[in-house]
Structure formats: structure tokens, C-alpha cells
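Bear in mind the structure is a predicted one, so any value in this text is a computation, not a measurement.
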Amino acid sequence: MAQSSQLPGFYNYSIDDRLSTLSAIAGLAEEERAIVNGAAGLTIHLADHMIENVVGLHSLPLAIATNFLINGRDVLVPMVIEEPSVVAGASFAAKLARAGGGFLTSSTPPEMIGQIQVVDVPNLESARFDLLSRKEQLLELADETDPVIVGLGGGARDVEVRTIEQSTSGPMLVVHLIFDTRDAMGANVVNTAAEALAPLIEEITGGRVLLRILSNLADRRLARAKCVIPADALTFESDGRTFEGGQVVNRIVEAGALAAADPYRAATHNKGIMNGVDAVVLATGNDWRAIEAGAHAYAARHGQYTSLSQWGKTPEGDLAGTLEMPMAVGVVGGAIRAHPLPKVTLKILGVDTARDLAEIIVAVGLAQNLAALRALATEGIQRGHMSLHARQVAMAAGASGDEIEKVAARLVEEREILE
Ligand code: MEV
């Protein structure tokens, strides 16, 4: 996308104008526009091939977050979410981050872990040695299960053996097959490979293989984002009160410190990150339960649940944020193939690889976290929430078209909005 993702006033455009602008920037064809606005898209017949016992379809709003600059590239971000304020928050925070050069991201190779549980092993230590000495054979066998991925440069990378000396069912071994799944999320690839290794693992260990399944704690498949927000960009006024940038930096750092130290706050802090993450994961047809499971397990990896992001102050007094988390998303296979929307959202994002998508998602998570912390640490979250909530109340009360904005504005003015 050559054009900037800054679209001032996008919020005030009509839906048609938003879609026309988006289509012009992302080069969407007529059929793709129809998929985005819901005129075409998932049919009940397609759905019937996706899951079992289908009786209907379920919809959620699809919106575009603006202002994202990621590794110097402008990105318009499709987000699927039912919660007001999230898209506005992401766009606002992306604008703040832009003032400091946008988001810088990186990621590890897309390596997933397949777990093979081995019980009734006569001698754990000796089995571990024997497995490791046959590593090449195990890797070759795993590679044979997916020549396509191997042809694309992926495939089995390593075998690790973990001994669990004590469990409620006694000692056991867990073999980890590390597999580069390239642009696929990889659950099917890894599960197939893990199942294929089971007989050889039984033969080598003299034990009995039980589970053969991917781990959602995808800590070898991490994506990272960072941003620096100039303190000046954080100065703002609310209700006649001025929040000075340096003060906002300090407050956000203090808010981040609570999340780092306290699991009760960390859960909510991370929930805010997942507001952004899940919305893009959903918009791109990926498995948000896998991402949620991986995120929270990663947040607890040191034994205490903590925040996924960190906020600090640079020597210049600016705000610096980082986020690192597992991001097992794909751009091929699964629902991405079956559902018409993901192909279009991936086109809007301008991504071809799973790693590029993972990095954008983490940048959105960091933006979302920034938006929440800035509000929480200054004017409070309810002010912004309530004006958006007011629109839903207005619609529920029967307002339509232009009336919605008018009624909502009036409700906010008169502080009539209650949850
Ligand atoms: C609400 O969906 C998300 C927040 O609670 C996140 C946070 O507290 O950081 C606002």
C-alpha cells in the first residue's frame, strides 16, 4: 500500500465512502468489496462444509483501524470485534506511535511444537539418550509426512526430550518435535507428524505413546513489536484539564508496573492487548482460541502470571513500549481457505507470509494496550467508552440513520448513559 494509512475523518465517512476509500487503497475488486460489506461472503452452504450440524451464520462488525505504520510501511488493519472503543483506540494509539516513527517488529521462524507423551517407560534417562541418538531418523520420518511444507523450506527442525519425574500418574517422557510450519498455522501439519513418530518412539523407548498433539504454548514462534511515543505527543486536554506529556509517560509506566507485579491487574492488562490481537486474528480467519491459550501460558511462563507488554521511559523522557508473545497464525489452510473473507483481509493488510501477519497482530496488540493505559492512567476509561456506548443505546431505543449520532451526543452531554 503506497498510500498513507492516515485517513483523517474516516470515522465520519458514510459506510459506502469508507469502503470505496479502502477499495481504492487496497485495490479491491467488485467481488472483494461485496465480501467485505457482507453482500457476498460466507454462505450457509460453505459453512456446512466448515463445521458440523450447521443451522445458520453468525455475524460481527468488521472495521478498519487507521494510522498504522509498521516497519515504515503503512497498513490498514481489518478488525472483527463486537466491543465499542477498540477500533477507535487502536487507531488513536497508532497515531501516537506514528509520531515516534511507528511500530518496529520482528519474529522468530514459524516453529511449532508437537508433543508426544510416553508412559510406562522402563528407564527414563536411558530412553532420553536413545531418542536423542536417533534424532536424525525421527526428523526424517517427520519430514516425510509433509513434502509440500519441506519443499517450501519448512519441516522438522529438532527433537527435544523432557523427563517428567513426578506426575499424578507417575514418571513419563515428553518428546517435543520442533517443526517449521512456514505459512500455515500448523496444527494439522504438526499433529500428523507427531502421530507418525509414535511407533518409532515406542520402539526406541520401550514405553507406550499416549498423546500426540501440538502445544499451544508456541514459545518458539514469537512475534515482537516496539514503539516509542514522544512525550509531547501525549499531552492532551480533557474536561478543561491539561495532562502534560511527561506526566502521562510517568503514569503509563506506573500503570504498566502494576500489571507486571500483580496477576489480577495483569489479566485485565493482557485482556486489553487481546482486544486488538483477537480482532485481527478473527478478521484473518485464524484460531483465536489457540492464540489466547498461547498468550496466557506465555504470560505465566516464569511461574507467576504477568503482563505480556512492558512500558518504560527512554533517557529522553519519551514512552517506550514492547510486546512479545507467541503468535501461531497462518495465511494458508483451514478457515483461511474455506471462508471468503480472510483472502480479502490479507490483501488489505498486504501480507503474504505468516510472519508478516504475526508481526502486524502484535503491533496492534501493543497499540491497543497503549490506548487502554493512556485512558486508564489519565481521564479514565469510561469517558470514551460511554460516547460509543451511547450510540448502541440510541440504536436500541429506535434511533436510525443520522438520529443515532444526534441522540448519542445528547445522551453523553446529559450524562444519561448507564451500563
Ligand atoms: C476492556 O475491554 C479492556 C481494558 O480493561 C484493558 C485494560 O484495563 O488495560 C480497558
Side-chain angles (χ1 to χ4, degrees), residues 1 4-8 10-11 63-81 83-107 223-231 233-234 236 248-249 251-253 255-256 259 268-284 288 291 295 307-312 318-325 327 329 345 348-351 356-378 381 384-385 388:
M1 187 173 71
S4 172
S5 61
Q6 287 175 291
L7 300 173
F10 193 63
Y11 174 82
I64 299 291
T66 57
N67 298 323
F68 276 86
L69 183 65
I70 303 176
N71 300 331
R73 187 170 79 87
D74 276 279
V75 185
L76 287 173
V77 182
M79 299 178 81
V80 167
I81 188 151
E83 184 176 331
S85 295
V86 169
V87 177
S91 306
F92 175 70
K95 191 170 165 186
L96 292 178
R98 224 182 156 87
F103 297 91
L104 292 180
T105 64
S106 65
S107 56
R224 309 182 187 96
K226 70 177 216 177
C227 61
V228 173
I229 321 290
L234 288 163
F236 73 106
V248 178
V249 171
R251 288 171 173 227
I252 291 177
V253 171
T268 325
H269 177 103
N270 291 343
K271 191 273 183 184
I273 293 172
M274 301 314 286
N275 276 344
V277 166
D278 284 342
V280 188
V281 170
L282 257 172
T284 55
W288 74 95
I291 299 301
S307 52
L308 286 164
S309 65
Q310 270 82 42
W311 292 96
D318 297 328
L319 178 69
T322 56
L323 172 61
E324 176 189 78
M325 60 189 290
M327 195 47 68
V329 288
T345 50
I348 295 168
L349 286 165
V351 295
D356 283 348
L357 175 60
E359 292 180 24
I360 290 175
I361 294 173
V362 174
V364 177
L366 186 60
Q368 207 69 59
N369 187 215
L370 170 62
L373 293 187
R374 193 210 69 122
L376 287 167
T378 56
I381 205 85
H385 263 183
L388 286 161

So which atom in A94 and which in F103 form the shortest heavy-atom distance, rounded to 0.1 Å? CA-CE1, 4.1 Å
If you define the side chain from C-beta out and look only at heavy atoms, does anything of R73 sit under 4.5 Å from I360? yes
Locate the shortest heavy-atom distance separating M79 from A65; write the atom from each residue and the value. SD-CB, 3.6 Å
List the steps, then state whether side chain to side chain contact (heavy atoms under 4.5 Å, CB included) holds for L366 with W311. CA-CA 10 Å; L366 186 60; W311 292 96; 3.5 Å; yes
Side-chain touch L282/I81, heavy atoms, less than 4.5 angstrom: no
Measure the shortest side-chain to side-chain distance between L319 and V248 over non-hydrogen atoms and say whether it is less than 4.5 angstrom. no
Looking only at heavy atoms, which two atoms of A93 and A367 are closest? And how far apart? CB-O, 3.0 Å
Nearest 0.5 Å please: distance from the CG atom of L349 over to the CD1 atom of I70. 8.5 Å
Is the shortest side-chain heavy-atom distance between E324 and T322 below 4.5 Å? no
Under 3.5 Å: donor-acceptor pair, side chain of D74, backbone of S4: no
Report yes if the side chains of L69 and V75 come closer than 4.5 Å at any heavy-atom pair, otherwise no. no
Can you find a pair of side-chain heavy atoms, one from T284 and one from V329, that are under 4.5 Å apart? no
Looking at A358 and A223, what are the two nearest heavy atoms and their distance? O-CB, 3.7 Å
Expected output: side-chain Q368 to main-chain V86 donor-acceptor under 3.5 Å: yes
If you look at every heavy atom in A295 and L308, which pair is closest and at what distance? O-CD2, 3.6 Å
Working to the nearest 0.5 angstrom, can you tell me the gap between I252 CD1 and I229 CD1? 8.0 Å
Nearest 0.5 Å please: distance from the CG atom of L323 over to the CD atom of Q310. 8.5 Å
Is there a donor-acceptor contact under 3.5 Å from the side chain of S5 to the main chain of F68? yes
Pair Q6-T66, side chain to side chain contact (heavy atoms under 4.5 Å, CB included): steps then yes or no: CA-CA 6 Å; Q6 287 175 291; T66 57; over 6 Å; no
Where do K271 and D278 land on the salt bridge (Lys or Arg N to Asp or Glu O under 4.0 Å) test, with the steps shown first? CA-CA 10 Å; K271 191 273 183 184; D278 284 342; over 6 Å; no
Donor-acceptor contact present, side-chain T345 to main-chain P78, <3.5 Å: no
Atom pair CD1 (I361) and CG (D356), whose distance is rounded to the nearest 0.5 Å: 11.0 Å
D318 side, atom CG; L234 side, atom CG - distance, nearest 0.5 Å: 8.5 Å
Under 3.5 Å: donor-acceptor pair, side chain of E359, backbone of S107: yes
Could you tell me whether a side-chain N or O of R98 sits under 3.5 Å from a main-chain N or O of N67, the two making a donor and an acceptor? yes
Reported CD1-to-OG1 distance for the pair I273 and T268, which is rounded to 0.5 angstrom: 11.0 Å
Close side-chain approach of R251 to L376, heavy-atom, < 4.5 Å: no
Report yes if some heavy atom in the side chain of S307 is under 4.5 Å from a heavy atom in the side chain of N270; otherwise report no. yes
Cationic tip of R374 within the cone over F92's six-membered ring, i.e. under 6.0 Å and within 45° of the normal? no
Is there a side chain to side chain contact (heavy atoms under 4.5 Å, CB included) between V362 and M325 once you walk through the steps? CA-CA 8 Å; V362 174; M325 60 189 290; 3.9 Å; yes
